[in-house]
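Just so it is clear: chains get the letters A, B, ... in the order the sequence lines come, proteins before strands, and each one is counted from 1.
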Amino acid sequence: MAFWLMKSEPNVWSWDQQVKKGTESWTGVRNYQAANNMKAMAIGDQAFFYHSNIGKEIVGIVKISKLYYPDPTDETGKFGMVDVTAVNPLKRPVTLADIKNTPALKNMALLKQSRLSVSAVTPAEWDIILSLSQTPR
DNA sequence: GCCAACGTTGGC
DNA sequence: GCCAACGTTGGC
C-alpha cells in the first residue's frame, strides 16, 4: 500500500466537508505530475488531507475509493481524478511548521515542490507524521 | 497583498 | 524544439 498527500484549500473543499460527505471525487487537478500520482494510486491507499493557504496543516486521513477516471470538469479531457473517502481526523493537526521543524521530513515533496497538489509520501514520512499527530505540542 | 517558484502556452 | 511571456499556486 502506498501513501500520498493531497492538498485542498479549505475555502474550496475542507476536511469538514469531506467528513460530512464521506466520499467525494477529487476534481480540479490540472497538473500532469499530480495527475500521474493519482494514476499510480490503488484502492485502499491512504492519503493525508492537507489544508493549503488557510491552516497549512494536515488535518485528516482519507483513503482512495475509486481509481483514476476522467474528470468531467476538465473541458480538455486531459485530466482525471480519483474518489477519496474520509477515514479519520488526526488527533492534532500537523502543521507545515511542524514538518519544517522535523529534520527527518525535510525531503518531503510537500516542501520540495510546494506547488504540487498531489504528492507521494514515503512509509517512513507517514509514520513520523502520524506520531507527531499523537504527540501533544 | 506581495512575490518567488514553476508549469504552460505560443511564436518563431 | 527552444525560450520568452504569462498565469497560477501557495507561503509569508
Side-chain angles (χ1 to χ4, degrees):
Chain A
M1 182 170 74
F3 299 107
W4 310 94
L5 181 144
M6 303 175 85
K7 292 184 190 177
S8 184
E9 295 189 39
N11 56 350
V12 177
W13 182 251
S14 71
W15 171 249
D16 285 347
Q17 288 173 286
Q18 181 73 49
V19 169
K20 200 171 291 182
K21 185 94 184 280
T23 297
E24 177 67 322
S25 52
W26 202 265
T27 59
V29 171
R30 297 294 180 268
N31 171 285
Y32 288 107
Q33 219 180 328
N36 280 336
N37 284 333
M38 290 197 296
K39 279 181 198 170
M41 290 174 177
I43 300 290
D45 279 0
Q46 291 189 301
F48 287 128
F49 192 108
Y50 175 84
H51 278 169
S52 63
N53 286 313
I54 303 165
K56 283 167 290 183
E57 57 194 10
I58 297 169
V59 287
I61 294 173
V62 294
K63 67 179 179 193
I64 308 309
S65 50
K66 183 167 178 177
L67 293 178
Y68 191 82
Y69 64 110
D71 179 348
T73 69
D74 176 24
E75 294 169 5
T76 70
K78 291 180 190 166
F79 295 98
M81 61 189 185
V82 295
D83 286 2
V84 300
T85 302
V87 176
N88 58 264
L90 295 190
K91 194 170 173 187
R92 76 161 175 93
V94 175
T95 66
L96 184 64
D98 291 332
I99 292 168
K100 284 185 171 173
N101 287 332
T102 305
L105 298 177
K106 70 176 192 306
N107 289 322
M108 277 191 75
L110 176 69
L111 301 182
K112 296 230 150 174
Q113 288 171 276
S114 63
R115 293 187 48 197
L116 185 59
S117 60
V118 180
S119 59
V121 174
T122 69
E125 290 164 351
W126 183 270
D127 287 345
I128 291 166
I129 289 167
L130 273 189
S131 65
L132 284 178
S133 76
Q134 288 154 7
T135 309
R137 200 183 305 271

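If you take OH of Y50(A) and P of dG10(C), they are 9 Å apart, rounded to a whole angstrom. Whole-Å rounding puts the E9(A) CD to dG10(C) P distance at 6 Å. For the pair K112(A) NZ and dA5(B) P, the interatomic distance rounds to 15 Å; values are reported in whole Å. Between Q33(A) atom CD and dT8(B) atom C1' there is a gap of 14 Å when expressed in whole angstrom units. Residue L111(A) contributes atom CG, which lies 15 Å from atom C1' of dC12(C) at whole-angstrom precision. Nucleotide dA5(B) holds its C1' atom 11 Å from the CD atom of Q113(A), rounded to whole Å. Going from atom CD1 of I54(A) over to atom P of dC12(C) covers 15 Å, rounded to whole Å. Spacing between atom CG of L5(A) and atom P of dT9(C) amounts to 17 Å, rounded to whole angstrom units.
Taking only side-chain atoms of Y32(A), from C-beta outward, the nucleotide of dT8(B), dG10(C), dC12(C) with the closest atom is dT8(B).
Between K7(A) and dG10(C), a side-chain N or O to OP1/OP2 separation shorter than 4.0 Å is present.
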Kindly determine whether Q33(A) and Q113(A) satisfy side chain to side chain donor-acceptor pair (under 3.5 Å), including the steps that lead there.
CA-CA 11 Å; Q33(A) 219 180 328; Q113(A) 288 171 276; 3.2 Å; yes
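The aromatic rings of F49(A) and W26(A) lie perpendicular to each other, with more than 60° between the two planes, well past the 30° mark.
Of the options V121(A), D127(A), T122(A), a side chain to side chain contact (heavy atoms under 4.5 Å, CB included) to F3(A) is made by V121(A) and by none of the others.
Between the side chains of R30(A) and T73(A), at least one donor-acceptor pair of N or O atoms lies under 3.5 Å.
In the interface, the side chain of R115(A) is paired with the base of dT8(C) through a donor and an acceptor atom under 3.5 Å apart.
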